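To start, the structure under review is shown below, and the notes come after it.
What you see is a predicted model; the values in this text were computed from it and never measured.
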There are 2 protein chains.
Amino acid sequence: MELEQNQLQKAVPYYEQLQQTLKTRIWNGLYKPGERIIEAQIAKELSISRSPVREAIRALINEGLLVTDEKSQIIVYEPSILDVKEIYECRIALESAAVALSAERITEEQVSDLEKILQETETAIKQGDKEGLVACNAKFHQYIIICSGNSRLKKLVDDLQSLTHFFRVINIEGPNRGETILKGHKEIFEAIKKRDPEQASRKLADHTREDLANIIQIIEQKGER
Amino acid sequence: MELEQNQLQKAVPYYEQLQQTLKTRIWNGLYKPGERIIEAQIAKELSISRSPVREAIRALINEGLLVTDEKSQIIVYEPSILDVKEIYECRIALESAAVALSAERITEEQVSDLEKILQETETAIKQGDKEGLVACNAKFHQYIIICSGNSRLKKLVDDLQSLTHFFRVINIEGPNRGETILKGHKEIFEAIKKRDPEQASRKLADHTREDLANIIQIIEQKGER
DNA sequence: AATTTATAACCTGTCGACAGCCGACATAAT
DNA sequence: ATTATGTCGGCTGTCGACAGGTTATAAATT
């Protein structure tokens with residue numbers, strides 16, 4: 001039967017589950033940016049000991065979603081404009097290199113997978129499905145990295161991913177964002193399909209810089225109110 | 001008086017000290033690649049409890065110097081040729097982006113700092129000081145990242161740094177390596193000095209690819225014996 | 001001798017406890 | 001009233017202990 005698991009999985013340790021839990025709590029704004037996080041408090045809330053909580057927190061610090069201040073207190077990551085710029089510079093460095101590799105190495109099958117993602121994106125836009133759009137956006141970028149065939153590159157991008165998530169959510173705000181993003185993706189896709197690393201790389205960098213500009217504008221706009 | 005410290009420093013926690021200790025042990029080959037590492041064992045050896053050891057190990061896993069296998073056993077990182085290639089692709093992506101930024105943003109003072117590093121390198125070569133050469137090489141690359149002014153970019157490169165260390169040591173083996181490396185660095189330096197991001201980026205990528213080719217050759221050579 | 005079974009040794013994930021440090025609040029001194 | 005002193009509570013870093021799952025070792029069976 002379909003539901004059957006063909007292989008038992010070892011119990012997922014608390015600290016891993018917790019890492020996921022905390023991550024979504026942060027993403028969903030349950031913990032506010034700048035808010036202090038306390039090991040013992042979370043441990044008590046979930047009726048587990050501090051050890052797994054500690055490990056989960058350490059992992060999230062590595063992901064950048066939590067930050068330690070001078071007094072080794074732990075607070076939730078607070079995006080700043082400077083930081084957005086830095087993160088996007090990193091993404092451009094990593095992803096434009098990745099897409100160049102992908103354009104060289106991608107298989108026919110992967111090309112059609114990519115195309116499928118673009119179609120999904122189109123559907124999401126038509127239905128006004130914002131969450132779906134964010135997901136498709138992430139999926140497109142992620143799949144390109146996978147096609148590069150470099151697992152370390154993928155890991156580096158994934159590490160940035162937790163932070164990028166914030167901005168992806170912001171990024172779909174603004175006039176005609178869905179269409180603009182899709183257009184950018186299509187151009188990147190075409191360059192990959194033509195196996196033109198140089199162009200793919202440039203298109204991706206342009207596209208990402210455009211995202212960045214949009215995000216900054218929205219943040220500044222919000223700040224004014 | 002001069003010796004007076006104007007500010008007390010908080011004690012460095014065990015887990016941080018230990019992280020450093022373990023790192024150098026791995027670098028120095030005290031723990032062999034592929035060798036298994038056991039929390040309790042290290043804890044006992046150093047007469048501390050498992051908690052700080054655990055945290056140090058987790059940190060090193062993040063750096064890539066330790067790896068968990070399927071049974072969540074912990075073993076020392078084992079460089080492979082595929083891996084070297086992947087890591088160097090990542091370095092090229094990150095560092096060539098960084099050097100482009102540096103060429104745009106570098107200050108006069110930083111330019112002369114960089115030049116000083118090149119002079120040190122020259123001295124190290126003349127004196128046949130291999131360790132000094134490795135250090136200078138690392139210093140040069142690192143300082144370029146700093147000049148880019150992007151702290152996240154720096155962190156990403158630093159993360160790779162722990163692994164890169166292995167290969168830097170290998171890289172100075174081979175005929176005329178010191179001179180070749182220095183020549184590459186000088187070219188990069190000149191491009192930065194001219195504030196030519198495009199050229200700096202290209203020179204760095206070429207230089208790094210050359211390092212990679214050399215490293216691979218040496219590794220393969222060793223394998224044959 | 002080869003294979004199975006039964007123990008024993010080991011390791012990781014988790015727990016509860018304690019010490020030292022820091023800040024908050026309260027109380028005392030000028 | 002303001003500054004100084006003292007106490008309390010909270011939080012992090014560290015400790016030792018235990019449970020459950022694995023692996024290795026030794027005994028038993030064929």
Compute whether any side-chain donor of one residue and acceptor of the other, for Y15(A) and R58(B), lie under 3.5 angstrom apart. yes
If we ignore angles and hydrogens, is there a donor and acceptor under 3.5 Å between the side chains of E86(A) and S151(B)? yes
Does any residue of residues 50-60 of chain B have a heavy atom under 4.0 Å from DNA chain C, and if so, which ones, in number order? R50(B), R54(B), R58(B)
Got a salt bridge between D83(A) and R152(B), using NZ or NE/NH1/NH2 to carboxylate O under 4.0 Å? yes
Using atom CD1 of I38(B) as one end and atom C1' of dT23(D) as the other, report the distance to the nearest whole Å. 12 Å
Provide, to the nearest angstrom, the distance between the CD atom belonging to Q41(A) and the P atom belonging to dG10(D). 11 Å
With a 4.0 Å cut-off on heavy atoms, is Q73(A) in touch with a base, just the backbone sugar-phosphate, or nothing at all? nothing
Going by the rule salt bridge (Lys or Arg N to Asp or Glu O under 4.0 Å), which residues pair with R25(B) if we only count those two or more places apart in sequence or in a different chain? E45(B)
Between the side chains of E63(A) and Q19(A), does any donor sit under 3.5 Å from an acceptor? yes
I'd like to know whether CZ of F167(A) has more than 12 heavy-atom contacts from other residues, nucleotides or ligands below 6.0 angstrom. yes
Contact span of DNA chain C against chain B, any nucleotide atom under 4.0 Å from a heavy atom, 5' to 3', runs dC11(C) to dT14(C)
Assign the ring pair H207(B) / H185(B) to parallel, tilted or perpendicular, where the plane angle (0 to 90°) is split at 30° and 60°. perpendicular
Polar side-chain atom of S102(B) near backbone of S148(B) as donor-acceptor pair, under 3.5 Å: yes
Rounded interatomic separation in angstrom, taking CG from D69(A) and C1' from dT12(D): 12 Å
